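Below is one structure, written out as structure tokens; comments come after it.
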Amino acid sequence: MSSEKTPIPAGSNFIRAIIEKDLSQNKYATKKWAGSPGDAAHQDTGVVDVAKIRTRFPPEPNGYLHIGHAKSIFLNFGLARDFDGICHLRFDDTNPEKESQEYVDSISDAVQWLGFGWDNTNETNLYFASNYFDLMYRAAESLIETGHAYVDEQSADEMRINRGTLTEAGKDSPYRSRSVADNLARFREMRDGKHADGSMVLRAKIDMASPNINMRDPAIYRVRRAHHHNTGDKWCIYPMYTFAHPIEDALERITHSICTLEFEDQRPFYDWLLERLAEAGLLAHPLPKQYEFARLNLTYVVLSKRKLIQLVEEKHVSGWDDPRLPTLAGARRRGYTPAGFKLFTDRIGVSKADSWIEYTILEDCMREVLNVDAERRIAVLDPIKLVIDNYPADQSEDCFAPNHPLKPELGKRTVQLTKELWIEREDFMEVPSKGFFRLTPDGMVRLRYGYVVKCTGCEKDADGNVTVVHCEYLPDTKSGTPGSDSVKVKGNIHWVSVAHAYEAEVRLYDRLFKEAHPGEGKHEDGRERDFLDDINQDSVQVITTQLELSLKDAKPEESFQFERHGYFVADKKDSVAGKPVFNRTVTLRDAWQK
RNA sequence: UGGGGAGUCGCCAAGUUGGUUAAGGCACUGGGUUUUGAUCCCAGCAUCCGAAGGUUCGAGUCCUUCCUCCUCAGCCA
């Protein structure tokens, strides 16, 4: 990445502290890099790596990225940027049964949308674990040759039983002491398709009595006849994550391999494996090191892949990019922005403590960036007619509205004022509640960017619903003219001319779940709650609105602040030229307690 | 109950080798500005760092014991 360097906040998180220390000790001063991933022999032909550190973002292409991944992306790519390093995008595609090109594409899109990429000065750092299958296979044979791996023919059930429990040691497999030659022959047979799926696995030979269950001879290669999205039908054996990931990191000369907390127990194996392969001459020092941080938990959403898939497949939402979903594709359609996510990740920090971030933090971040970035427009979401009785029916006059109060250089636009206007239904109350200072009989209010008007009454239908509000304007009070403030009013309401309005569809989104921790706890009858029980049935409201005419030209993904309402974005999917529809990204804060 | 982690203000989170009054952000509460009940500005907001002991002139930082939460027994990642 070649982007602006941001100053490094000293010791702002434990990973930065580790990197600063590593760098100050010149830990990577002689680390060689040949320009592409490879084993020790390959890297030795290279030169000292220009990247001071290497990190990686290694998603499995088996689903869509979500907000939690954004944290990891900003962490890994951000670290690389701040420390003169390089971050790789690597697809960890070692399980052919779950992965597909669709996911590879959506993940690539999301990473780029957040502002990162893989094209660096002299190299393209986009990799696939499956491209290392040959090297991984060699590493496995090396492990067998050095007596550190064996082919186990126990069934999965037998393996599970013999693995022991959390408090009891496991038992050695009857196949554990086979000869190197025998193991090698068997493993090659596995590769050559001589054995059925599930009939045997290759296991690392470590210690069946280890208190760390991950060290009790973990399986590292399995037989699985499945078509791989990248390697096709070339292989019928596939490496396990446990085995593959450390090797991927080492081949790419990653310095800091950052993952989430649940992999902590895996670290001893990570180090064990790389040390064995380095001893065998396959990998060179310095070897990558794994560090773990706490994954993101956000209130009012679910981030687990399983639950997201369920929401999509059972059609509780319209798709992976439903604006209510915490997927990056959904957030994007909702109008959330990369800058907002950047602010968010900076704000929540990185640590090892399990935590739940309040969803409002994310919303505040979006408001904060949109307040600065989004131009203002006028939108009447729940229209009711206001008639200015003392205004000529055939008259239309220009009013000037600033495009951005914080950026006068963005200029003003004209909106037309006429006798009949649309105003917000909630801006009129025939019987005002306490503290209400908008339109009410005999009350005065300013029509934003226009005149001060005095309410004279309203019309109602047979059911008592207000249908039209009447008022009279005060001619000398037009905004921007001398003496416009001769009449002071507290209320200030927005409006759109009936004759100059764009009638548009707007979607008002609310949170998808009613509970802060969806599915947590039990029902009154003692039954476990399901996260689906907490779905908010009113999470979207599609309404017909009256917008100022200029909004007709909004481009897909263009964000605006609809004054007094919130931030809205022209939907990237359903908008057509000249007829955009809008999604509410987030409301404005509202300090008025009704 | 074995191993590995984590517990600092309502929510996050600094606090490196022990050294005066425990950063910062968000939230919240006052006050000010404002033609968005928005934004912005100013002020306030942990005698206390999961608990209890101990070491020390001095401990969130060291020691002991205890408590709570997370995580690991896939031929998933």
Side-chain angles (χ1 to χ4, degrees), chain A residues 9-14 17 20-21 58-60 62 92-95 97-99 152 154-156 159-161 163-170 197-203 210-216 218-224 237-238 240-242 244-245 259 261-268 292 294 299 305 343 346-358 360-361 364-365 367-368 371-372 376 378 401-402 405-406 435-438 445-450 452 479-480 484-485 488-494 561-566 587-594:
Chain A
S12 58
N13 71 49
F14 76 101
E20 281 165 14
K21 190 176 172 202
E60 181 187 13
N62 70 344
D92 201 359
D93 54 354
T94 56
N95 184 359
E97 292 168 306
K98 291 186 179 174
E99 299 151 7
D152 195 347
Q154 292 183 104
S155 68
M159 268 183 64
R160 179 170 44 74
I161 290 163
R163 190 158 19 237
T165 68
L166 295 179
T167 53
E168 296 165 285
D197 286 11
S199 61
M200 51 183 69
V201 293
L202 183 68
R203 288 230 256 175
S210 172
N212 179 352
I213 292 176
N214 294 286
M215 297 296 270
R216 320 239 262 229
I220 58 181
Y221 254 101
R222 58 187 183 273
V223 183
R224 186 102 327 154
I237 57 171
Y238 291 94
M240 305 283 296
Y241 165 88
T242 308
H245 207 89
C259 61
L261 249 27
E262 65 269 28
F263 294 103
E264 273 181 319
D265 298 338
Q266 215 92 251
R267 192 173 62 233
E292 310 86 13
T299 58
K305 208 164 272 183
L343 215 211
D346 287 346
R347 192 163 280 179
I348 62 177
V350 176
S351 76
K352 300 191 71 148
D354 292 310
S355 60
W356 281 88
I357 306 295
E358 294 165 342
T360 54
I361 300 271
D364 280 334
C365 289
R367 285 192 188 99
E368 203 165 315
N371 177 46
V372 174
R376 314 285 118 126
I378 300 167
L406 307 175
F436 183 84
F437 55 70
R438 279 111 88 168
V445 79
R446 175 174 294 279
L447 294 178
R448 198 159 162 75
Y449 310 128
V452 170
S479 294
S484 66
D485 54 358
K488 301 274 188 207
V489 290
K490 199 171 182 189
N492 195 307
I493 68 173
H494 62 274
Q561 182 196 97
F562 288 178
E563 290 190 291
R564 303 212 300 135
H565 283 302
T587 62
L588 247 31
R589 293 178 59 176
D590 184 2
W592 189 51
Q593 313 293 329
K594 274 169 262 193

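The sequence lines fix the lettering, A, B, ..., with proteins before strands; numbering per chain opens at 1. If you're wondering where the values come from, they're calculated on a predicted model, not measured in any experiment.
- Distances from the side chain of A/R163 to the nucleotides B/C75, B/A77, B/C26 place B/C75 closest.
- Checked by atom type, the side-chain pair A/E97/A/Y238 shows no donor-acceptor distance below 3.5 Å.
- Nucleic acid contact for A/P59: none, since no nucleic acid atom lies under 4.0 Å from a heavy atom of the residue.
- Considering only side-chain N and O atoms, A/R347 lies nowhere under 4.0 angstrom from the phosphate OP1 or OP2 of B/G24.
- With B/G4, B/U36, B/G37 as the choices, the nucleotide that has an atom nearest any side-chain atom of A/E264 turns out to be B/G4.
- Nucleic acid contact for A/Q561: base, since at least one base atom lies under 4.0 Å from a heavy atom of the residue.
- In this structure, A/I237 and A/R222 have side chains that are not in contact, with every pair of non-hydrogen atoms separated by 4.5 Å or more.
- Among the nucleotides B/C72, B/C70, B/G25, the one closest to any side-chain atom of A/L166 is B/C72.
- Below the 3.5 angstrom threshold, one finds a donor paired with an acceptor across the side chain of A/R438 and the base of B/G37.
- Proximity of a side-chain donor or acceptor of A/E168 to a complementary backbone N or O of A/G164 within less than 3.5 Å is not detected.
- Going from the P atom of B/U8 to that of B/C69 covers 15 Å, rounded to whole Å.
- Nearest-nucleotide assignment on RNA chain B puts the 5′-proximal partner with A/K352, out of A/N95 and A/K352.
- Per the geometry, CE belonging to A/M215 stands 15 Å off C1' belonging to B/A73, to the nearest Å.
- Across the C1' atoms, B/U55 and B/A59 are found 10 Å apart, a figure rounded to whole Å.
- Among the atoms of the strands shown, base atoms are found under 4.0 Å from some heavy atom of A/R446.
- Atom CG of A/L588 is separated from atom C1' of B/C40 by 14 Å (rounded to the nearest Å).
- Nucleic acid contact class of A/D265 (heavy atoms, under 4.0 Å, all strands): base.
- Stacking of the aromatic ring of A/Y241 onto the base of B/A77 is not found under the criterion of centres within 5.5 Å and planes under 30°.
- For B/G32, the base adopts the anti conformation, since its glycosidic angle falls more than 90 degrees from zero.
- Using a 4.0 Å heavy-atom distance criterion, A/E99 is classed as making no nucleic acid contact.
- A/R564 contributes no side-chain N or O that forms a donor-acceptor pair with the base of B/U36 under 3.5 Å.
- Distance alone, capped at 3.5 Å, places no donor-acceptor pair between the A/R367 side chain and the A/N371 backbone.
- Here B/U35 presents its P atom at 8 Å from NZ of A/K488, a figure rounded to the nearest Å.
- B/C70 and B/A27 have their C1' atoms separated by 26 Å, with the value rounded to a whole Å.
- When the C1' atom is used for both B/G25 and B/U61, the distance is 23 Å, rounded to whole Å.
- Nearest to the side chain of A/I348, among B/C12, B/G37, B/C75, sits B/C12.
- Using a 4.0 Å heavy-atom cutoff across all strands shown, A/V489 reaches no nucleic acid atom at all.
- Rounding to the nearest 0.5 angstrom, the gap separating the CG atom in A/N212 from the CG atom in A/D265 is 5.5 Å.
- One C1' atom belongs to B/A23, the other to B/G60, and the distance between them is 14 Å to the nearest Å.
- Residue contacts shown for A/G566 are absent, as no nucleic acid heavy atom lies under 4.0 Å away.
- In terms of modelled atom types and a separation under 3.5 Å, the side chain of A/S210 and the main chain of A/I213 share no donor-acceptor contact.
- Not one side-chain nitrogen or oxygen of A/R376 sits closer than 4.0 Å to the OP1 or OP2 atom of B/A38.
- With a 3.5 Å ceiling on both atom-pair distances, the Watson-Crick or G-U wobble partner of B/G7 is B/C67.
- Residue contacts for A/A156: at a heavy-atom cut-off of 4.0 Å it reaches a base atom on one of the strands shown.
- Rounded to a whole Å, the CG atom of A/N214 is 9 Å from the C1' atom of B/A73.
- B/U21 and B/U16: their C1' atoms are spaced 22 Å apart (whole Å).
- In this structure, the CZ atom of A/F437 is 12 Å from the C1' atom of B/U34, given to the nearest Å.
- When heavy atoms are screened at a 4.0 angstrom cut-off, A/F436 is found touching base atoms of the nucleic acid.
- The existence of a salt bridge linking A/E292 and A/K352 is confirmed by a sub-4.0 Å separation between a basic side-chain nitrogen and an acidic carboxylate oxygen.
- For A/S351, the side-chain atoms get nearest to B/A14 when compared with the rest of B/A14, B/U36, B/U35.
- Taking the six-membered ring where the residue is Trp, A/H494 and A/H565 present perpendicular rings, their angle passing 60° and hence far from 30°.
- At the heavy-atom level, A/Y238 lies nowhere under 4.0 Å from the strands shown.
- When distances are taken from the side chain of A/L406 to each of B/A77, B/U39, B/C70, the shortest belongs to B/U39.
- Note on A/Y449: a base of the nucleic acid sits closer than 4.0 angstrom, heavy atoms only.
- A distance of about 27 Å separates the P atoms of B/C76 and B/G4, rounded to the whole Å.
- Looking at A/R347 and A/E368, a side-chain N of the basic residue comes within less than 4.0 Å of a carboxylate O on the acidic one, giving a salt bridge.
- Pairing for B/G2 goes to B/C72, judged as Watson-Crick or G-U wobble with the two contacts each under 3.5 Å.
- Counting only heavy atoms from C-beta on, A/T94 has its side chain closest to B/A77 among B/A77, B/G74, B/G25.
- Taking atom CD of residue A/E60 and atom C1' of nucleotide B/C76, one finds them 7 Å apart after rounding to whole Å.
- Of the two residues near RNA chain B, A/P211 and A/D197, the one whose nearest nucleotide lies more 5' is A/P211.
- Relative to the side chain of A/A591, the nucleotides B/C72, B/G37, B/A6 differ in distance, and B/G37 lies closest.
- Using a 4.0 Å heavy-atom criterion, one finds that A/R224 contacts the bases of the nucleic acid, with or without backbone contacts as well.
- Within the shown strands, B/C28 is the pairing partner of B/G44 under the Watson-Crick or G-U definition, both distances less than 3.5 Å.
- Nearest to the side-chain atoms of A/E358 among the listed nucleotides B/C11, B/C75, B/U71 stands B/C11.
- Comparing the P positions of B/U17 and B/C62 gives a spacing of 7 Å, expressed to the nearest Å.
- Here the side chain of A/R589 is nearest to one of B/A73, B/C28, B/C12, namely B/C28.
- Atom pair A/D590:CG and B/U36:P shows a separation of 14 Å (rounding to whole Å applied).
- Residue A/G435 is classed as a base contact, given a heavy-atom separation below 4.0 Å to a base.
- The shortest distance between the side-chain N/O atoms of A/R216 and the OP1/OP2 oxygens of B/G3 is not below 4.0 Å.
- Residues A/W592 and A/G435 come closest through the heavy atom pair NE1-O, 3.8 Å.
- Across all strands shown, A/Q266 has heavy atoms under 4.0 Å from base atoms, whether or not it also approaches the sugar-phosphate.
- Residue A/D364 contributes atom CG, which lies 8 Å from atom P of B/C28 at whole-angstrom precision.
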